[in-house]
Amino acid sequence: MMITGASRGIGAATARMAHASGYRIAATARSRDRLTPIVEELGGDAVLPIACDVTEWDQLTAAVRNIEESFGGLDVVFANAGALVNTSFRETSETPDVAAWRDMILTNVYGVAITARATLPALIRRQGHLVITGSVAGTGVRPGNLYSATKWATSALAANIRADLVGTGVRVTIVQPGIVDTDMPGPELRAKPMIAADDIARAVLYAVRQPAHVDVNELVVRPTGQDADR
Ligand SMILES: NC(=O)c1ccc[n+]([C@@H]2O[C@H](COP(=O)([O-])OP(=O)(O)OC[C@H]3O[C@@H](n4cnc5c(N)ncnc54)[C@H](OP(=O)(O)O)[C@@H]3O)[C@@H](O)[C@H]2O)c1
């Protein structure tokens, strides 16, 4: 299983749970140093750490080559890496941090798209499974929220990629978490109900462990009591 954004949060929790379920894990993040804790925790032989920025095509294709050579194939890709910056389209500052907007769009949309593009030949060879992390923020209107718009895009990517793969045997799942207790939610969200990264890892494992004829397309997983507009 290749996991992008495996250095912490949902990706690291999924690496732990998938490893305990018998998967070999290719853990990726932008720097190998940040992968050291998960590699040390799971044991060096069990995890293949790969530095890979999901916005860099050459790094993704090199990662896929490395994984196929090391594992003999690639069965599951969890396109999970993501970024969040708070936004308002009505901000009056003359120097809004639009560079942060660009980085978030590149990571959450372009990064997922080229992760799929780089890994699908390998997944098609193995009739594998692509899992994408979206968000409940990609299922409803969030005033002024560009992150939400990027997650609408991941929902569309999952649906359109799945449609493109009909007949290949590859399955596509989008997991749409509510607020998860990771480094990502800011202080304004932390007082609200949260689920744990493990709760999302369990949803990922649920999808990928179905029989080959069962394609779980969408999983929305919120903390009990989360506001309807979250
Ligand atoms: N936490 C929530 O409430 C929540 C809710 C809904 C959806 N999500 C989504 O869940 C996913 C995981 O988020 P999280 O909560 O686990 O956040 P996190 O703890 O901040 O982890 C984000 C992960 O993404 C990686 N990453 C960021 N940019 C990257 C890039 N350009 N290339 C490669 N890796 C990159 C980070 O690795 P490095 O920084 O080490 O490179 C890190 O491993 C994201 O897609 C997020 O949008 C989170």
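These values consider heavy atoms only, across backbone and side chains, with no hydrogens, waters or symmetry-generated copies. Read the numbers this way: they start at 1 and go in the same order the structure lists the ligands and their atoms.
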A.B. asks: Looking only at heavy atoms, is any part of Thr182 under 4.0 Å from ligand 1, and if so is it the side chain, the backbone, or both, or is it neither?
C.D. replies: side chain
A.B. asks: Would you check if the side chain of Trp101 reaches a backbone N or O of Val85 as a donor-acceptor pair within less than 3.5 Å?
C.D. replies: no
A.B. asks: Quick one: look up the protein heavy atom nearest atom 40 (O) of ligand 1 and list residue, atom name and how far away it is.
C.D. replies: Ser7 OG, 2.8 Å
A.B. asks: Looking only at heavy atoms of Pro185, does any of them come nearer than 4.0 Å to an atom of ligand 1?
C.D. replies: yes
A.B. asks: Would you check whether Val180 has a nitrogen or oxygen atom less than 3.5 angstrom from a nitrogen or oxygen atom of ligand 1?
C.D. replies: yes
A.B. asks: Please could you name the atoms of ligand 1 that Met184 approaches to less than 4.0 Å, counting only its heavy atoms?
C.D. replies: 1 (N), 13 (O), 15 (O), 17 (O), 46 (C), 47 (O), 48 (C)
A.B. asks: What I want to know is whether Ile10 and ligand 1 share at least one N or O pair that is separated by under 3.5 angstrom.
C.D. replies: yes
A.B. asks: If only side-chain N and O atoms count, and only distance matters, is there a donor-acceptor pair under 3.5 Å linking Gln127 with Thr168?
C.D. replies: no
A.B. asks: Is Arg222 close to Val220 at the side-chain level, that is, under 4.5 Å between some pair of heavy atoms?
C.D. replies: yes
A.B. asks: Numbering the atoms of ligand 1 from 1, which are under 4.0 Å from a heavy atom of Ala6?
C.D. replies: 43 (O)
A.B. asks: Looking only at side-chain N and O atoms, does Asp33 offer a donor or acceptor that is under 3.5 Å from a partner on Ser31?
C.D. replies: no
A.B. asks: Within a reach of under 6.0 Å around CZ of Arg32, are more than 12 heavy atoms found that belong to other residues, nucleotides or ligands?
C.D. replies: no
A.B. asks: Between Ala137 and ligand 1, find which residue part has any heavy-atom pair under 4.0 Å and reply side chain, backbone, both or neither.
C.D. replies: neither
A.B. asks: For atom 23 (C) of ligand 1, what is the closest protein heavy atom, and at what distance to 0.1 Å?
C.D. replies: Gly5 CA, 3.7 Å
A.B. asks: Starting from atom 22 (C) of ligand 1, locate the nearest protein heavy atom and write down its residue, its atom name and how far away it is, to 0.1 Å.
C.D. replies: Gly82 O, 3.8 Å
A.B. asks: Polar contacts were defined as any N/O atom of the residue lying under 3.5 Å from an N/O atom of the ligand; does this apply to Asn80 and ligand 1?
C.D. replies: yes
A.B. asks: Of the protein's non-hydrogen atoms, which lies at the shortest distance from atom 7 (C) of ligand 1, and what is that distance?
C.D. replies: Gly134 O, 3.2 Å
A.B. asks: Note the single closest protein heavy atom to atom 31 (N) of ligand 1, along with its residue, its atom name and the distance in Å.
C.D. replies: Asp53 OD1, 3.0 Å
A.B. asks: Under 4.0 Å from a heavy atom of Ser135: give me the atoms of ligand 1 that qualify, with their elements.
C.D. replies: 6 (C), 7 (C)
A.B. asks: Is any N or O atom of Ala83, backbone or side chain, closer than 3.5 Å to an N or O atom of ligand 1?
C.D. replies: no
A.B. asks: Would you say the side chain of Tyr23 lies within less than 4.5 Å of the side chain of Leu205, judging by non-hydrogen atoms?
C.D. replies: yes
A.B. asks: Can you pull out the closest protein heavy atom to atom 35 (C) of ligand 1? Residue, atom name and distance to 0.1 Å, please.
C.D. replies: Ala81 CB, 3.6 Å
A.B. asks: Taking only heavy atoms of Thr107, which atoms of ligand 1 are found under 4.0 Å from at least one of them?
C.D. replies: 28 (N), 29 (C), 31 (N)
A.B. asks: Answer with yes or no whether the hydrophobic clustering places Ile174 together with Val221; edges join I, L, V, M, F, W, Y residues whose side-chain heavy atoms lie under 4.5 Å apart.
C.D. replies: no
A.B. asks: Quick one about Asn66 and Ser70 (side-chain donor to acceptor, distance below 3.5 Å, no hydrogens or angles considered), yes or no?
C.D. replies: yes
A.B. asks: Relative to ligand 1, is Lys151 under 4.0 angstrom through side chain, backbone, both or neither, heavy atoms considered?
C.D. replies: side chain
A.B. asks: Run the numbers for me: atoms of ligand 1, each under 4.0 Å from some heavy atom of Tyr147, listed by number.
C.D. replies: 6 (C), 7 (C), 8 (N), 9 (C), 46 (C), 47 (O)
A.B. asks: At less than 4.0 angstrom from any non-hydrogen atom of Ile179, what atoms of ligand 1 do you find?
C.D. replies: 3 (O)
A.B. asks: Counting only heavy atoms from other residues, nucleotides and ligands, does the tally under 6.0 Å from CZ of Arg90 exceed 12?
C.D. replies: no
A.B. asks: If we set the cut-off at 4.0 Å for heavy atoms, which region of Arg34 has an atom near ligand 1: side chain, backbone, both, or neither?
C.D. replies: side chain
A.B. asks: Considering non-hydrogen atoms of the protein only, which is the closest contact for atom 33 (C) of ligand 1, and what is the distance?
C.D. replies: Cys52 O, 3.4 Å
A.B. asks: Could you tell me the residue and atom name of the protein heavy atom closest to atom 5 (C) of ligand 1, and the distance to it rounded to 0.1 Å?
C.D. replies: Gly178 O, 3.1 Å
